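Here is the structure we will look at.
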Amino acid sequence: MHLKIISTTILMGLAALPLLVSGQEGVDIDHGFNVEFFAEPLDSGIELQSGVELSAGFRISDRRSGKGIPDLHPAGWMLRRDEGAGPPDAAACERLVRKQARGSLSQPVDADLNSFQILTLNADHSIGFINPQVNLNSANLMAIVPLDSPVAQWHIDEASGNAFLTLPERDELAVVDLETRKLSNRIPVGDQPHTLAQQPDGRYLWVGNQASGTLSVVDSVRHEVLTELTVGPGPIALAFDGRSRYAFVAAGGQLQRVDAQRIQALDRLKIGDGDWLLDYSNLADAVYLVERDAGKLLVVRPGNLTVAAEIDLGETVSLARISPDGRHLLVLHPTSNSLSVVDTANNRRIRRLPTGHHPDQITFNQSYAYVRNRDSSDVTLLQLAGLEDEGTLPVVQIAIGSEGPGADRAGPDLGAVASLPEGGGAMISNPADRTIYYYMEGMLAPSNTLKTYTAPPLSIWLYDRSLQEQSEQGSYATTLNLEKPGVYDVPFYLPSPQMILCFEVEVGGADGASGQLSQVRSPRMQSLFDDLGYKAGEPVELRFKITSGASGSPIEGIGDGMLMTFKRRSHWQQRTRVEALGEGVYQAVIRYPSAGEYYLLFRSPSLGVEFGEVEHLKVQIGLADSAYLSAVTIEKVEHQ
């Protein structure tokens, strides 16, 4: 484990406790817990140093048995200590925790281990990054990413740290890197992409192109279109089973079942023309289709695509969603300002409930359904546990602003409600007053507001960066990147049982000596490869030397080097960590997708250089062998 703990300070109930150090692993306290802080590079071959991706967090175990303690909710922060300063005493540790819990701007943190960010999709076609955990509203906005084109739908893939957005006017799927807060890629797809969904295992993204009547299947990691399936023009609806075996596609008057691993169409069912809504219940193992205009509900068995039930809902529908437990289908009726509740156990409508004016969105957490109403400021709350109870179900209306968002401000495909990561409430955006509302369940009104100071927020997403319990019981971790070497204080807080601790960890520079590499001036990149025989699809070993621009001497010990390679007038791009071979020589192994001339850019935080600041290199890639082309090409499935 690449970790060095120098000292700890412990408080419980805001009073100091005796310090009992358990070796170098953590602290053993009177409450019977052993708490250990860890910071480990994701790449096991790299030492703990600045500029590398780290897994950081806490292991909390029982003192006697040594078993990890699950279901806790620890919080932590990392603050780089001023040079020459000593570790905090008990009182100073308490002040650190109190300040950070309040979101202090006077003492900002280098890494917040329990944060989430608010992402807003704005009316001026931009994404705003907002920190909700500070006191001064004017300081909340961290970054804005312009997209220069309207967005139809967006999806956040927290596993990869990317936001994906369909841009119908550009025929592209945009990719925004949530770490760098920059537009990192534009992926050409079909004509007028609209629908966007990621299958549950995260392997592929599915993009429905309305004008071309196709589905573009995109690799979630490589950001490449693998193939296109022809499904029929017009609105395209998507759903998946919980195990990512099948994708279900409603388009062109048909429901199609697609093998979601092999990307092959299996069979189809005629359902009739119309604008269909689609969802899947894992509990019922059934596909639910609702036609918007006719209000017709079809229940389809996925194994053989047979209709198990048909229900006439009697009026138009704006949205239909399955509850998280799969037990109920909620269907919104905009003309009668109501919703229907369908029991998936027996496929019958069991309730009709009032909403606000023109309901058009549903967001679930484990306890409630939030229904946004387009033409009123109210958000309707339904308690999911009461849907099966006999008698009247309480329907709560929460006023969010002074007026509704309106049809011209936000459509039903851009979610305005985001459930809090810890549950118990939600963040709700209202573009009418450019405000985000913080609502806690059980209250009759929002408890706080947050002005965006940008264009009206059409949609909202919470990007959870907090400590998450890992597969190892009692281990709570998140990922981060510390830009600077030095000694860091690590305040820790556990709400129940209440506990405050302060750890200390030293992070070295990329060469093991803090800050030494960052003093190198004007580094240069020298090619050690030629262009003879390189072919697309084959692994290409690219060796190069990094030297000092002042002395020409080789620079050794760069542990955070990254190579970005791209092709001009192409959307393909790849970033690869480089390997140090000694004497200032480094290597990256890359597989290029096609022939052509590629550019190579170098980045190293420890050297203080970003992509484009060191003179680039070029590499020429020749045509691929036909065997490679046949191996990587996925056959398109066409439907006549």
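Computed from a predicted model, the values in this text were never measured in an experiment. The chain is numbered in sequence order, starting from 1. What you see below is based on every heavy atom in this structure, not just the backbone, and it leaves out hydrogens, waters and symmetry mates.
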Heavy-atom side-chain contact between [X] and [Y] under 4.5 Å:
X      : Y      : result
Ile130 : Gln117 : no
Ser160 : Val221 : no
Leu462 : Ile118 : yes
Ser447 : Tyr439 : no
Leu501 : Val35  : yes
Asp112 : Asn114 : yes
Leu183 : Ile127 : no
Phe37  : Val505 : yes

Tyr288 and Ser281: CA distance, side-chain angles, deciding distance, side-chain contact (heavy atoms from CB on, under 4.5 Å) verdict: CA-CA 8 Å; Tyr288 288 79; Ser281 169; 3.9 Å; yes

Distance-only, no hydrogens or angles: does the [X] side chain make a donor-acceptor pair with backbone N or O of [Y] under 3.5 Å?
X      : Y      : result
Ser244 : Asp201 : yes
Tyr370 : Gln361 : no
Gln473 : Gly68  : yes
Arg81  : Gly486 : no
Thr478 : Leu467 : no
Arg63  : Phe33  : no
Asp82  : Ala85  : no
Ser65  : Lys67  : yes
Asn162 : Asp157 : no
Ser604 : Asp560 : no

CD/Gln261: more than 12 non-hydrogen atoms of other groups inside 6.0 Å: yes

Residues, nucleotides or ligands: over 12 heavy atoms within 6.0 Å of Met440 CE: yes

Contacts of type ring pair (Phe, Tyr, Trp, His ring centres under 6.0 Å), residue Phe492, not counting sequence neighbours: Phe58

Residues that Tyr488 engages under ring pair (Phe, Tyr, Trp, His ring centres under 6.0 Å), provided they are two or more places apart: none

Strictly by modelled atom types, are [X] and [Y] linked by a side-chain donor-acceptor pair under 3.5 Å?
X      : Y      : result
Tyr592 : Thr565 : yes
Ser220 : Gln198 : yes
Tyr586 : Glu556 : no
Ser466 : Gln468 : yes
Thr166 : Trp154 : no

Full working for side-chain contact (heavy atoms from CB on, under 4.5 Å) between Trp206 and Val258: CA-CA 12 Å; Trp206 299 65; Val258 180; 3.8 Å; yes

Test ring-ring contact (aromatic ring centres under 6.0 Å, His included) applied to Phe248 and Tyr280, step by step: CA-CA 9 Å; Phe248 301 96; Tyr280 179 89; 5.7 Å; yes

Would you name the heavy atoms of [X] and [Y] that are closest together and state the gap between them?
X      : Y      : value
Thr363 : Val417 : OG1-O, 3.3 Å
Gln366 : Leu384 : O-CD1, 4.1 Å
Ala477 : Phe38  : CB-CZ, 3.7 Å
Asn282 : Asp241 : OD1-C, 3.8 Å
Tyr493 : Ile500 : CD1-CG1, 3.7 Å
Gly424 : Asn365 : N-ND2, 4.5 Å

Arg591 bridged to Glu224 by N-O distance under 4.0 Å: no

Lys182/Asp177 salt bridge by N-O under 4.0 Å criterion: no

Ring-ring centroid check Phe164 His223, cutoff 6.0 Å: yes

Audit row: Lys484, Glu83, salt bridge (Lys or Arg N to Asp or Glu O under 4.0 Å) steps and yes/no: CA-CA 12 Å; Lys484 299 178 181 179; Glu83 190 171 349; over 6 Å; no

I need the [X] [atom1] to [Y] [atom2] distance, nearest 0.5 Å.
X      : Y      : atom1 : atom2 : answer
Leu382 : Phe364 : CG    : CZ    : 9.0 Å
Leu329 : Arg327 : CG    : CZ    : 13.0 Å
Glu472 : Gln470 : CD    : CD    : 8.5 Å
Asp489 : Cys502 : CG    : SG    : 6.5 Å
Leu165 : Ile156 : CG    : CD1   : 7.0 Å
Glu579 : Gln587 : CD    : CD    : 5.5 Å

Candidate list Leu226, Val225, Val218, test side chain to side chain contact (heavy atoms under 4.5 Å, CB included), partner Arg222, passing option: Leu226

Worked verdict on Val589 versus Leu542 for side-chain contact (heavy atoms from CB on, under 4.5 Å): CA-CA 6 Å; Val589 180; Leu542 300 175; over 6 Å; no

Worked check of side-chain contact (heavy atoms from CB on, under 4.5 Å) between Leu601 and Leu563: CA-CA 6 Å; Leu601 303 181; Leu563 200 66; over 6 Å; no

